[in-house]
Amino acid sequence: MTPSLRERRAQEVFRSLLLATSYPGRPYPLPTRSLRSALQAIAECLVDQRVGVWGPGWLLEALREQNPRAVPIPEADFVFLEGPEPLLQEGGAPPLKRGSPIAPETGATLVLGARFGAGTQVRLRGPGIPGEALFRSSLPAEFWAMRNRAVGYPLGFEVVLTDGLSVVAVPRGVEVEPWDT
């Protein structure tokens with residue numbers, strides 16, 4: 001049986017997410033053309049009724065067919081944001097799930113909109129990165145500092161960034177530091 005257009009899109013998104021997680025800091029293409037369509041495609045790929053989700057109302061409405069379990073940010077397995085502002089307003093560490101020493105995999109996945117190629121440059125080091133990788137995005141240095149305060153491997157949360165056209169992942173095991181040139 002030939003996969004439907006929706007199934008093919010989900011396979012493309014999943015493949016890009018898998019590659020981005022395997023090779024942090026590298027962008028991989030998505031079959032989308034806007035930030036909102038990318039957030040929705042990623043959510044459709046990852047979310048079902050078994051996980052807690054926090055996201056904007058338009059996204060939860062678009063996922064209605066998948067019956068997402070809407071929860072507050074501190075309880076969410078997946079948090080979808082169009083930009084980092086809600087997390088930066090808190091100061092200190094973000095209210096995201098960090099997992100536990102017995103179950104570090106229960107930390108949240110933050111799916112966040114960001115422009116790539118301009119703004120703050122960071123250096124990434126860790127699993128999946130030969131040596132180091134440099135990555136530039138619109139996320140301010142304060143975002144990365146907040147992320148670093150909340151991550152203490154194996155505890156922490158995964159960061160998945162999208163600009164609407166591609167996806168970049170920064171797993172919790174990757175060291176991130178601002179890198180001015």
Side-chain angles (χ1 to χ4, degrees), residues 12-35 38-39 41-43 45-46 54-55 73-74 76-101 103-181:
E12 285 181 58
V13 171
F14 185 77
R15 189 175 303 112
S16 290
L17 287 169
L18 184 62
L19 287 168
T21 303
S22 298
Y23 302 101
R26 293 186 195 175
Y28 288 90
L30 290 172
T32 58
R33 295 289 169 248
S34 72
L35 177 58
L39 290 172
I42 292 168
C45 198
L46 298 175
W54 189 94
I73 288 178
D77 299 300
F78 294 96
V79 175
F80 293 87
L81 293 171
E82 293 180 65
E85 294 77 17
L87 297 176
L88 296 176
Q89 293 171 0
E90 298 292 324
L96 298 169
K97 285 176 34 176
R98 297 181 57 233
S100 70
E105 73 280 1
T106 61
T109 297
L110 172 63
V111 183
L112 182 61
R115 289 184 317 281
F116 300 155
T120 303
Q121 182 167 260
V122 293
R123 179 171 64 175
L124 308 175
R125 290 186 283 189
I129 304 169
E132 62 186 36
L134 297 177
F135 174 71
R136 188 177 296 275
S137 76
S138 63
L139 295 174
E142 294 83 18
F143 171 82
W144 296 111
M146 176 265 321
R147 180 258 184 202
N148 289 343
R149 285 191 300 274
V151 172
Y153 189 79
L155 303 181
F157 57 90
E158 317 301 338
V159 177
V160 175
L161 305 173
T162 183
D163 63 356
L165 303 174
S166 56
V167 64
V168 171
V170 181
R172 66 180 174 264
V174 170
E175 295 176 30
V176 179
E177 65 179 300
W179 191 255
D180 295 324
T181 56

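These numbers come from the heavy atoms of this one structure, side chains and all, not from hydrogens, waters or symmetry mates.
For Ser138 (side chain) and Ala114 (main-chain N/O), no donor-acceptor pair under 3.5 Å exists by modelled atom type. Proximity of a side-chain donor or acceptor of Arg136 to a complementary backbone N or O of Ala118 within less than 3.5 Å is not detected.
Once rounded to the nearest 0.5 Å, the distance linking CD1 of Ile42 with CZ of Phe14 reads 12.5 Å. The CG atom of Leu161 lies 5.5 Å from the CG atom of Leu139; values are rounded to the nearest 0.5 Å. Between the CG atom of Leu96 and the CE atom of Met146 there is a distance of 7.0 Å, given to the nearest 0.5 Å. The CG atom of Leu134 sits 8.0 Å away from the CG atom of Leu124 when rounded to the nearest 0.5 Å. Here CG of Leu112 is found 5.0 Å from CZ of Phe143. Values are rounded to the nearest 0.5 Å. Here CZ of Arg123 is found 4.0 Å from CD of Glu177. Values are rounded to the nearest 0.5 Å.
Annotation for Pro31 and Glu12: closest pair CB-OE1, 3.4 Å, computed over non-hydrogen atoms. Considering every non-hydrogen atom in both Pro154 and Pro104, the closest pair reads O-CB, 3.4 Å. In this structure, Pro127 and Val174 approach most closely via the heavy-atom pair O-CG2, 4.2 Å. Looking at every heavy atom in both residues, Ser16 comes nearest to Leu30 through CB-CD2, 4.1 Å. Here the shortest heavy-atom pairing between Thr120 and Ala141 reads OG1-N, 3.6 Å. For the pair Leu81 and Trp54, the tightest heavy-atom approach, listed with the atom from each and the gap, is CD2-CZ3, 3.3 Å.
Residues Leu87 and Leu110 have side chains in contact (heavy-atom distance under 4.5 Å, counting atoms from C-beta outward). At least one side-chain heavy atom of Leu165 sits less than 4.5 Å from a side-chain heavy atom of Arg33. The shortest side-chain heavy-atom distance between Phe135 and Trp179 does not fall under the 4.5 Å cut-off.
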Listed pairs under 3.5 Å, donor-acceptor, residues 20-29 side chains, sequence neighbours left out:
| unit_1 | atom_1 | unit_2 | atom_2 | d |
| --- | --- | --- | --- | --- |
| Thr21 | OG1 | Leu17 | O | 2.9 |
| Ser22 | OG | Leu18 | O | 2.9 |

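For the ring-ring contact (aromatic ring centres under 6.0 Å, His included) test, no residue two or more places apart in sequence or in another chain qualifies with Phe157.
For the salt bridge (charged side-chain N to carboxylate O under 4.0 Å, His left out) condition, the pairs that include at least one residue of residues 150-160, sequence neighbours left out, are Glu158-Arg172.
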